[in-house]
Amino acid sequence: MRAKIIGTGSCLPEKTVTNNDLSALMDTSDEWIKSRTGISSRGLVSSETETTLSMAVSAGTSALANADLLPEDIDLIIVATVSSDFVTPSTACMVQSELGAVHAAAFDINAACSGFLFALNTVDAYFQAGIYRTALIIGVETLSKIIDWKDRSTCVLFGDGAGAAVLCADEEGIMANLQGSNGSGGHVLMCRNRTNNNPFVSTDPSMDYLYMDGQEVFKFAVKKEAECIQELLTQAGLAPTDINWYLLHQANQRIISSIARKLKLPLDKFPSNLDHCGNTSAASIPILLDEVHRAGTLAPGDLVLLSGFGAGLTWGAALLKW
Ligand code: UT7
């Protein structure tokens, strides 16, 4: 049995922050951000009650309703995030408690922007092994709390939000998947957890916020994501044109366009929500999936290829029959 997505949900913060709002706070412009990334606005949390947990619960609740399942029907909850509210308990355990998913095992994974794909592939492996039959997976980030708001080259790129999918074991669903990591490249995109306040340790607090070498990440993304997609298509015995929809990690519209060009495909096979979401890391693919699902874009039987890359470095992809 493979993992089949039977419901999706998402949650964006109440506050939308435009590029012009940011240019009132720092030396940047709508023209620079839009032309370099495709981003016009992003959602950012704006109150203490809007948290990683609250957005995860909202997206999860919406996905369960969309799947017509109850929380107690779920066997497994996996949350992909690098911006949990607590170091422990995991966000997944807190979601389990909030939803009342009393029969679910729950844990978080950290694969940064590839996190949702790692969660999806993990669920698929559990289903193939016959261990679980239903799962809720959530990609959620409040990156605004780990971003360095004095670094204009990163802070304009990211947004907050959550996306979720409910899966059940089925004959059809995921057809092929892969994932990979290269820890030796991890220094190009990193954020330390917290400064050690042990009186015997001296630490540099500047590492407590997100650091990114944008150009190195850009080069890695364009090369690795294209390779990853080609490898998945080869695994499935399909050509790029056989796929109806490519739902890629939403980091930069120029990365998405470059991959479309490499695959010799029209850009309209690559839906995008960068314009109004920015880069929401682990949440980007499931938010986009929920948007295209609710818009009626995906028809039963469509072949949908999900692919992403991120800190770690990590990358992953999954091909599914809708
Ligand atoms: O999901 C995580 C993965 N992350 C990514 O995929 C990010 C990948 N990288 C990128 O998307 C791009 O590298 C960026 C959008 C981050 C940057 O674009 P770029 O074309 O590589 O710009 P750059 O870093 O080469 O900067 C060009 C210029 C610099 O000025 P000088 O040195 O040419 O005078 C920067 O200081 O743009 C300047 N700059 C800005 N100007 C206005 C950097 N950030 C800004 C800004 N507003 N926000």
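Just so you know, ligand 1 is whichever comes first in the structure, and atom 1 is the first atom listed for that ligand.
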Short N-O contact, [X] and [Y], less than 4.0 angstrom:
{"X": "D124", "Y": "R2", "value": "yes"}
{"X": "D85", "Y": "K145", "value": "yes"}
{"X": "K321", "Y": "D302", "value": "no"}

Return the option from F158, W32, F309, F218 holding the heavy atom at the smallest distance from atom 44 (N) of ligand 1.
-> W32

Among M26, R36, R152, closest by any non-hydrogen atom to atom 19 (P) of ligand 1 = R36

Ligand 1 and G214, any nitrogen or oxygen pair closer than 3.5 angstrom?
-> yes

Looking only at distances, please establish whether an N/O atom of ligand 1 is found under 3.5 Å from an N/O atom of Q215.
-> yes

Is atom [atom1] of [X] surrounded by more than 12 heavy atoms (other residues, nucleotides or ligands) closer than 6.0 Å?
{"X": "D68", "atom1": "CG", "value": "no"}
{"X": "E227", "atom1": "CD", "value": "yes"}
{"X": "R254", "atom1": "CZ", "value": "yes"}

Please find the pair of heavy atoms, one from [X] and one from [Y], that lie closest to each other, and give the distance.
{"X": "R192", "Y": "T195", "answer": "NH2-OG1, 4.0 Å"}
{"X": "V166", "Y": "I74", "answer": "CG1-CD1, 4.2 Å"}
{"X": "K269", "Y": "T241", "answer": "NZ-O, 3.7 Å"}
{"X": "F116", "Y": "A80", "answer": "N-CB, 3.8 Å"}

Is [atom] less than 4.0 angstrom from at least one protein heavy atom?
{"atom": "atom 39 (N) of ligand 1", "value": "yes"}
{"atom": "atom 21 (O) of ligand 1", "value": "yes"}
{"atom": "atom 32 (O) of ligand 1", "value": "no"}

Min heavy-atom dist [X] to ligand 1 below 4.0 Å:
{"X": "T154", "value": "no"}
{"X": "G310", "value": "no"}
{"X": "N279", "value": "yes"}

Considering the heavy atoms of [X], write down every atom of ligand 1 situated less than 4.0 Å from one of them.
{"X": "T37", "result": "15 (C)"}
{"X": "I255", "result": "6 (O)"}
{"X": "V156", "result": "48 (N)"}
{"X": "H249", "result": "1 (O)"}

Q179 and N121: side-chain donor and acceptor closer than 3.5 Å?
-> yes

Is it the case that S272 and Q253 place a side-chain donor and acceptor less than 3.5 Å from each other?
-> yes

Hey, does the side chain of Y246 reach the backbone of P271 with a donor-acceptor pair shorter than 3.5 angstrom?
-> no

Considering only the protein, which heavy-atom contact is closest to [atom], and what is its distance?
{"atom": "atom 11 (O) of ligand 1", "value": "N252 ND2, 2.7 Å"}
{"atom": "atom 6 (O) of ligand 1", "value": "A251 CB, 3.3 Å"}
{"atom": "atom 46 (C) of ligand 1", "value": "T28 OG1, 3.3 Å"}
{"atom": "atom 18 (O) of ligand 1", "value": "R254 NH2, 3.6 Å"}
{"atom": "atom 7 (C) of ligand 1", "value": "M212 CE, 3.6 Å"}
{"atom": "atom 5 (C) of ligand 1", "value": "V217 CG1, 3.6 Å"}
{"atom": "atom 16 (C) of ligand 1", "value": "L157 CD1, 3.8 Å"}

